[in-house]
Amino acid sequence: MTDTVTTDSGIPVKKFYENRDVPPNWARSSGKPGQFPYTRGIYDGMYRDRLWTMRQYTGFGSARETNRRFKYLISHGETGLSTAFDLPTQLGLDSDHPRAAGEVGRVGVAISSVHDMRRLFEGINLGRVSTSMTINATAPILLSLYVAVGMEQGVSQNKLRGTTQNDILKEYTARNTYIYPPEASLKLSVDLIEYCAHKMPRWHPISISGYHIRESGANAVQELGFCFANAVEYVRAALDRGLKIDQFAPQLSFFFACRNDFLEEIAKFRAARRIWARIMKDRFKARDPESCKLRFHTQTSGETLTAQQPDNNIVRVAIQALAGVLGGTQSLHTNSRDEALSLPTEESVRIALRTQQIIAYESGVTRTADPLAGSYYLESLTRTLEAKATNLLEKVEDLGGARKAIESGFVHREIQESAYTFQRSVDEGRTIIVGVNKFTEGSRGPRIQRIDPELERVQIRQVKKMKQARNNFSVRRALGQLTRSARRQQNLVVDILRAVRADCTVGEISDALRDSFGEYRVRLDV
């Protein structure tokens with residue numbers, strides 16, 4: 001008797017599939033591409049009409065260094081920018097703060113003020129480019145800096161295109177770059193959603209992330225279930241603010257991981273569209289079809305990359321990228337081969353971009369929408385993932401919603417159990433990782449990208465010089481107004497925008513909000 005074969009998420013897989021494994025009405029209930037519930041894609045022509053945005057995640061060292069990398073990628077065919085910020089920026093600390101020492105520019109670009117943001121996009125027309133910013137706790141500040149630079153270029157904010165991640169709930173379960181308590185953090189996220197609904201119609205104010213949930217150890221079912229639970233929480237908070245569902249829902253976006261289980265990942269994306277469409281139509285009574293369309297960015301899985309035999313990662317990334325495309329993503333980042341070791345070199349990031357371009361122009365998969373539809377196995381997987389993720393979402397709802405499920409520890413426990421199960425499978429050799437627990441060999445790694453320590457020293461000098469040269473009366477007045485508005489529970493984006501234009505820094509604005517909201521510390525039970 002053979003062992004049971006399962007997907008990476010533990011879904012049993014039969015030896016073969018046939019017509020009876022798919023319900024008779026499945027094809028009809030799936031609709032055509034561009035039709036509710038958007039199983040087969042949110043547009044009728046998909047990539048036949050327009051390719052996904054090729055958006056490589058970039059940011060390291062100083063604003064000038066990252067600006068050079070942006071221009072390098074654009075010159076090689078990148079079609080959208082994606083910005084990584086360093087830890088101090090993510091945590092609301094200026095580069096000259098003592099707690100920032102040693103971290104300035106390490107895992108992303110250092111941005112402390114509008115002067116840094118101006119250098120970051122020097123020579124890049126913000127009216128012609130779409131920019132994604134992976135930023136959460138300080139998202140209203142970084143978007144305000146971007147808006148301020150756009151205004152300097154003569155681009156009004158209603159013309160700016162892009163995305164702020166702004167998904168603070170997943171920070172408490174997966175990434176931990178939060179600053180304020182959950183309630184205050186959720187308020188700031190909704191401030192940005194509300195502001196963009198009124199002022200920035202072409203901007204996605206939030207990218208609700210399953211990616212980081214998945215990378216912390218969740219399986220595909222948990223990625224969908226917990227991600228949509230967070231999304232429901234944001235929608236409810238926006239409705240409680242007084243917004244109408246169709247006023248802001250079309251601007252919501254999502255962010256998913258893509259791992260190595262090729263067909264399960266494709267099915268996951270198809271199931272995700274079905275789940276979201278029904279949540280919006282049935283639960284929240286959305287009438288605008290645009291409100292029901294799941295728009296998402298995909299990133300190939302950094303967690304699956306190996307330091308051993310790093311060239312193998314090129315193959316892993318290609319498989320994952322192809323799954324993202326066949327799953328119908330709107331935008332895609334392909335990881336570089338050396339990211340298990342360091343920030344990527346120019347050569348590695350060029351190979352990652354070329355991977356997308358080869359899929360787009362040479363593979364033939366863009367010639368028709370949803371080319372794998374009708375596969376008995378794929379359709380069965382889609383149906384099963386939808387059911388399991390929906391059941392998990394309902395379990396979270398029974399606990400009182402995403403925030404209470406997070407606070408109770410339920411989400412952490414579920415993800416930890418999944419991560420343990422997977423790692424045990426690897427350790428016992430039941431799950432094979434090529435080059436790690438099978439087909440191992442000694443190999444010399446590629447050239448490593450290193451951050452010049454001098455960049456941190458230069459950045460600190462620039463921040464200190466800017467603080468000495470600015471009009472500090474205007475700074476104090478802007479920060480005072482922000483503090484008063486925070487205590488009155490007003491939408492803070494207008495005051496934050498005014499503050500960044502008065503040369504207030506990321507750290508100073510964050511400190512004003514710390515004074516009003518407090519800082520969140522995880523309670524460690526002894």
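One-based numbering along the sequence shown. These numbers were taken from a predicted model, which means no experiment stands behind them. These numbers come from the heavy atoms of this one structure, side chains and all, not from hydrogens, waters or symmetry mates.
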Novice: Do any N or O atoms from the side chain of Gln56 and from the backbone of Thr334 form a donor-acceptor pair under 3.5 angstrom?
Specialist: yes

Novice: Between His204 and Thr163, do the side chains contain an N or O donor and an N or O acceptor separated by less than 3.5 Å?
Specialist: no

Novice: Run the ring pair (Phe, Tyr, Trp, His ring centres under 6.0 Å) check on Tyr377 and Phe16 step by step: do they pass?
Specialist: CA-CA 8 Å; Tyr377 177 44; Phe16 66 91; over 10 Å; no

Novice: Without hydrogens or angle criteria, can the side chains of Ser348 and Ser336 be said to hold a donor-acceptor pair below 3.5 Å?
Specialist: no

Novice: Counting distance only, does the side-chain N/O of Gln356 pair as donor-acceptor with the main-chain N or O of Ala318 below 3.5 Å?
Specialist: no

Novice: May I ask you to establish whether Arg40 and Trp26 are in a cation-pi arrangement, using a distance under 6.0 Å from NZ or CZ to the six-membered ring centre and at most 45° from the ring axis?
Specialist: no

Novice: Test Asn136 against Tyr178 for side-chain contact (heavy atoms from CB on, under 4.5 Å), laying out the working first.
Specialist: CA-CA 8 Å; Asn136 295 282; Tyr178 46 73; over 6 Å; no

Novice: Could you check whether Arg28 and Asn25, counting side-chain N and O atoms only, form a donor-acceptor pair closer than 3.5 Å?
Specialist: no

Novice: Between Gln357 and Arg354, is there a side-chain donor-acceptor contact under 3.5 Å, judged purely by atom types and distance?
Specialist: yes

Novice: How far does CD of Gln416 sit from OG1 of Thr421, to the nearest 0.5 angstrom?
Specialist: 11.5 Å

Novice: Just by distance, no angles: are the side chains of Arg274 and Thr39 close enough, under 3.5 Å, to form a donor-acceptor pair?
Specialist: yes

Novice: Does either side chain, that of Thr382 or that of Arg270, offer a donor lying less than 3.5 Å from an acceptor on the other one?
Specialist: yes

Novice: Will you find, in the side chains of Asn158 and Ser156, an N or O donor that is under 3.5 Å from an N or O acceptor?
Specialist: yes

Novice: Is it the case that the side chain of Gln153 and the backbone of Ile124 share a donor-acceptor pair, with hydrogens and angles ignored and the cut-off at 3.5 Å?
Specialist: yes

Novice: Between Thr431 and Ser425, do the side chains contain an N or O donor and an N or O acceptor separated by less than 3.5 Å?
Specialist: yes

Novice: Distance only, no hydrogens: is a donor on one side chain within 3.5 Å (strictly under) of an acceptor on the other, for Ser185 and Tyr172?
Specialist: yes

Novice: Could you tell me whether the side chains of Tyr234 and Asp167 share a donor-acceptor contact shorter than 3.5 Å?
Specialist: yes

Novice: About how many Å separate CD of Glu194 and CG of Leu492, when rounded to the nearest 0.5 Å?
Specialist: 10.5 Å

Novice: Counting only N and O atoms by type, is there a donor-acceptor contact under 3.5 Å from the side chain of Asn230 to the main-chain atoms of Val232?
Specialist: no

Novice: Looking only at atom types and distance, does a side-chain atom of Asp282 sit under 3.5 Å from a main-chain N or O of Ile279, one as donor and one as acceptor?
Specialist: no

Novice: I'd like to know if the side chain of Asn391 reaches the main chain of Ala387, judged simply by a donor and an acceptor atom lying under 3.5 Å from each other, with no hydrogens or angles considered.
Specialist: yes

Novice: Please tell me whether Phe296 and Phe256 form a close aromatic pair, meaning their ring centres lie under 6.0 Å apart.
Specialist: yes

Novice: Can you find a side-chain donor-acceptor pair between Glu215 and Ser301 that sits under 3.5 Å?
Specialist: yes

Novice: I'd like to know if the side chain of Arg214 pairs up with that of Gln222 as donor and acceptor (distance under 3.5 Å, no hydrogens or angles considered).
Specialist: no

Novice: Going by atom types alone, do Glu18 and Tyr376 pair a side-chain donor with an acceptor below 3.5 Å?
Specialist: no

Novice: Given salt bridge (Lys or Arg N to Asp or Glu O under 4.0 Å), test Glu397 with Arg283 step by step and report yes or no.
Specialist: CA-CA 12 Å; Glu397 290 295 287; Arg283 183 177 304 191; 3.4 Å; yes

Novice: Does any donor atom in the side chain of Glu171 or Asn176 lie under 3.5 Å from an acceptor atom in the other side chain?
Specialist: no

Novice: Just do the ring pair (Phe, Tyr, Trp, His ring centres under 6.0 Å) check on Trp276 and Phe254 with the steps written out, would you?
Specialist: CA-CA 10 Å; Trp276 185 242; Phe254 290 81; 4.8 Å; yes

Novice: Just by distance, do the side chain of Thr66 and the backbone of Phe60 share a donor-acceptor pair under 3.5 Å?
Specialist: yes

Novice: Roughly how far, to the nearest 0.5 Å, is CD1 of Ile135 from CZ of Phe85?
Specialist: 5.5 Å

Novice: Is there a side chain to side chain donor-acceptor pair (under 3.5 Å) between Gln251 and Arg202? Walk through the geometry before answering.
Specialist: CA-CA 8 Å; Gln251 289 175 263; Arg202 305 179 74 184; over 6 Å; no

Novice: Can you tell me how far the CH2 atom of Trp52 sits from the CE atom of Met54, to the nearest 0.5 Å?
Specialist: 5.0 Å

Novice: With rounding to the nearest 0.5 angstrom, report the OG to CD distance, Ser9 to Glu265.
Specialist: 7.5 Å

Novice: Any side-chain donor-acceptor pair under 3.5 Å between Gln165 and Ser207?
Specialist: no

Novice: If the test is side-chain contact (heavy atoms from CB on, under 4.5 Å), which one of Asn166, Thr164, Leu497 qualifies with Leu143?
Specialist: Thr164

Novice: Can you see whether Thr300 engages Arg316 through a side-chain donor-acceptor pair at a distance of less than 3.5 angstrom?
Specialist: no

Novice: Looking at Phe226, does the NZ or CZ of Lys170 lie under 6.0 angstrom from its six-membered ring centre and within 45 degrees of the ring axis?
Specialist: no

Novice: For the side chain of Asn313 and the backbone of Thr306, is there at least one donor-acceptor N/O pair under 3.5 Å apart?
Specialist: yes

Novice: Centre-to-centre under 6.0 Å for Phe255 and His212, is that the case here?
Specialist: yes

Novice: Examine the side chains of Ser291 and Asp288 and answer whether a donor and an acceptor come within less than 3.5 Å of each other.
Specialist: no

Novice: Please say whether the positively charged group of Lys14, taken as NZ for Lys or CZ for Arg, lies over the ring of Tyr17, i.e. under 6.0 angstrom from the six-membered ring centre and within 45 degrees of the axis.
Specialist: yes

Novice: Rounded to the nearest 0.5 Å, what separation is found between the CZ atom of Phe410 and the NZ atom of Lys404?
Specialist: 15.5 Å

Novice: Please check this pair: side chain of Asp246 against backbone of Ala286, looking for a donor-acceptor N/O pair closer than 3.5 Å.
Specialist: no

Novice: Please check: side-chain N/O of Ser418 versus main-chain N/O of Gly217, any donor-acceptor pairing under 3.5 Å?
Specialist: yes

